Amino acid sequence: MAAIIVHGGAGAYDPGEEHERGLKDAANAGWAIIESGGSALDAIEAAIVVMEDFPIFQSGYGSSPNLAGEIETDASVMLDDLSCGAVGALKAAANPIKAARLVMERTDHVLLVGEGADDFARRMGLESRDLASEARKELYEKALAKLRAGEDVKFLPRLKDLAADFDIDTGTVGAVAIDDEGHVAAGTSTGGPVLQLPGRLGDVAVIGAGTYANANGGVSATGHGEPIMKHVLAKAAVDAIANVGAREGIETVLEYARINEIRFGLVAIEENGAIARGFTTEAMSWASVRDGELETFLSTGDGVRRKKKGKA
Ligand code: ASP
């Protein structure tokens with residue numbers, strides 16, 4: 001029943017070869033742990049760390065700058081016994097998912113944000129890093145130029161009206177795994193949308209919105225954080241899985257997201273080991289491994305889908 005599935009975010013993008021390589025490396029890193037009898041938690045952490053370190057993904061090193069040109073990351077992790085931890089608006093930690101795990105394992109809290117969270121991560125011995133990659137700096141400059149020209153910024157339609165009040169001169173990953181003992185763990189990590197307001201927390205920092213797990217299974221979500229929070233979609237998906245099983249449950253939640261026009265994607269594993277995934281956006285990507293069989297799925301904004309099977 002042991003398995004892992006990782007995703008590289010839902011949105012409108014064309015996942016190229018680098019993206020595919022990152023997904024495979026992440027899924028293989030997680031699978032290697034599960035295969036050698038390790039825990040689902042260690043597996044998803046290892047998989048997400050690979051993607052956080054890979055500049056192609058919108059998380060860790062590769063996160064998009066906020067309106068002030070700074071990186072602020074969110075991450076969360078949850079286990080099937082309801083243990084969970086999350087961090088929000090981290091500026092320095094190289095691997096936000098490790099900080100989320102340490103919140104779960106070492107503190108009495110569920111969520112740490114901002115300077116306190118960065119300070120905690122440093123005290124726990126986590127590495128700090130300048131998370132701004134060259135590609136994301138370019139993306140930031142382009143988005144900023146649009147905003148200055150009075151154009152709409154994707155996902156942030158009210159930003160135009162706010163921009164005058166700010167001194168503006170100055171993509172997400174996730175994984176769900178089930179181990180040999182049948183334990184499920186889910187985690188998600190993001191830099192949030194480019195030009196988000198400084199201090200914004202998204203669904204990925206909020207347990208139940210971007211990440212959820214319980215005895216019925218686990219989910220990592222991606223997409224437009226604000227409606228995902230309002231509709232608490234990761235928890236909704238786990239509840240649907242409990243009611244009707246992984247495949248049908250996920251379809252129910254995707255249909256709900258479509259009806260409510262929510263840009264959304266998710267990967268899930270049920271407590272019996274069944275994997276499910278899907279999205280309402282133009283594109284999404286994922287890779288999964290079970291019994292040493294690696295399966296990748298990459299969908300592009302123009303409807304092209306590439307599906308491949310191979311050895312982990
Ligand atoms: N859900 C993330 C956020 O809103 C973004 C994403 O999944 O791409 O912060």
Side-chain angles (χ1 to χ4, degrees), residues 6-15 19 22-23 48 51-52 54-60 62-67 70-78 86-91 96-97 100 111 113-114 117 131 135-136 139-140 143 153-159 171-176 186-212 219-237 253-254 257 260-268 277-286 299 301:
V6 306
H7 72 81
Y13 62 94
D14 187 353
H19 189 105
L23 279 181
I48 292 173
M51 294 188 283
E52 285 179 338
F54 223 92
I56 203 102
F57 298 108
Q58 220 296 77
S59 71
S63 294
S64 298
N66 65 19
L67 190 60
E70 289 177 332
I71 305 285
E72 288 185 333
T73 63
D74 299 342
S76 50
V77 64
M78 190 159 188
V87 286
L90 276 184
K91 285 198 167 93
I97 195 69
L111 172 61
V113 300
L131 293 168
R136 297 297 177 195
L139 178 76
Y140 170 72
V153 174
K154 201 159 77 178
F155 305 131
L156 305 171
R158 292 180 179 165
L159 191 59
T172 298
V173 302
V176 186
T188 317
S189 179
T190 188
V194 65
L195 296 188
Q196 65 179 346
L197 289 187
R200 179 258 190 191
L201 294 182
D203 58 310
V204 175
V206 178
I207 293 296
T211 302
Y212 199 74
V219 163
S220 169
T222 169
H224 191 179
E226 280 69 14
I228 292 175
M229 281 192 273
K230 289 179 197 171
H231 296 267
V232 203
L233 286 184
K235 171 72 160 70
V253 177
L254 287 168
N260 288 284
E261 296 180 2
I262 304 171
R263 297 177 59 76
F264 172 61
L266 81 171
V267 297
R277 60 277 194 232
F279 56 103
T280 67
T281 48
E282 296 83 350
M284 186 164 170
S285 64
W286 58 71
S299 166

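What you are looking at is a predicted structure, and each value in this text was computed from that prediction instead of being measured. Whatever order the structure lists ligands and atoms in, that order sets their numbers, starting from 1.
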Among all residues two or more places apart in sequence or in another chain, which pass the ring-ring contact (aromatic ring centres under 6.0 Å, His included) test with H19?
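Here the qualifying residues are Y13, F57.
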
Show every salt bridge (Lys or Arg N to Asp or Glu O under 4.0 Å) that has at least one partner inside residues 190-207, sequence neighbours left out.
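Listed once each, the pairs are R200-E226.
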
Suppose I only count heavy atoms of [X] and a 4.0 Å limit; which atoms of ligand 1 are within that range?
X    : answer
D203 : 1 (N), 2 (C), 3 (C), 4 (O), 9 (O)
G192 : 9 (O)
T172 : 2 (C), 5 (C), 6 (C), 7 (O), 8 (O)

Are any of the N or O atoms of [X] closer than 3.5 Å to those of ligand 1?
X    : value
H224 : no
G225 : yes
V204 : no
T222 : yes
D74  : no

Hey, which of S63, S189, S59 is the one that makes side chain to side chain donor-acceptor pair (under 3.5 Å) with E52?
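Option passing the side chain to side chain donor-acceptor pair (under 3.5 Å) with E52: S189.
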
Consider side chain to side chain contact (heavy atoms under 4.5 Å, CB included). Of L23, V176, T222, which one does H7 pass it with?
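Per the side chain to side chain contact (heavy atoms under 4.5 Å, CB included) rule, the option paired with H7 is T222, out of L23, V176, T222.
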
Within the structure, is a non-hydrogen atom of R200 found at a distance of less than 4.0 Å from ligand 1?
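So R200 counts as touching ligand 1.
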
Heavy-atom contact under 4.0 Å between G223 and ligand 1?
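Yes, G223 has a heavy atom closer than 4.0 Å to ligand 1.
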
Treating Q196 as the side-chain partner and G191 as the backbone partner, does any N or O pair qualify as donor plus acceptor under 3.5 Å?
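A pair under 3.5 Å: yes.
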
Whether T280 side chain and I262 backbone form a donor-acceptor pair below 3.5 Å
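Judged by distance alone, yes, a pair lies under 3.5 Å.
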
CG/L266 to CH2/W286 distance, rounded to the nearest 0.5 angstrom?
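Reported to 0.5 Å precision, the distance equals 8.5 Å.
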
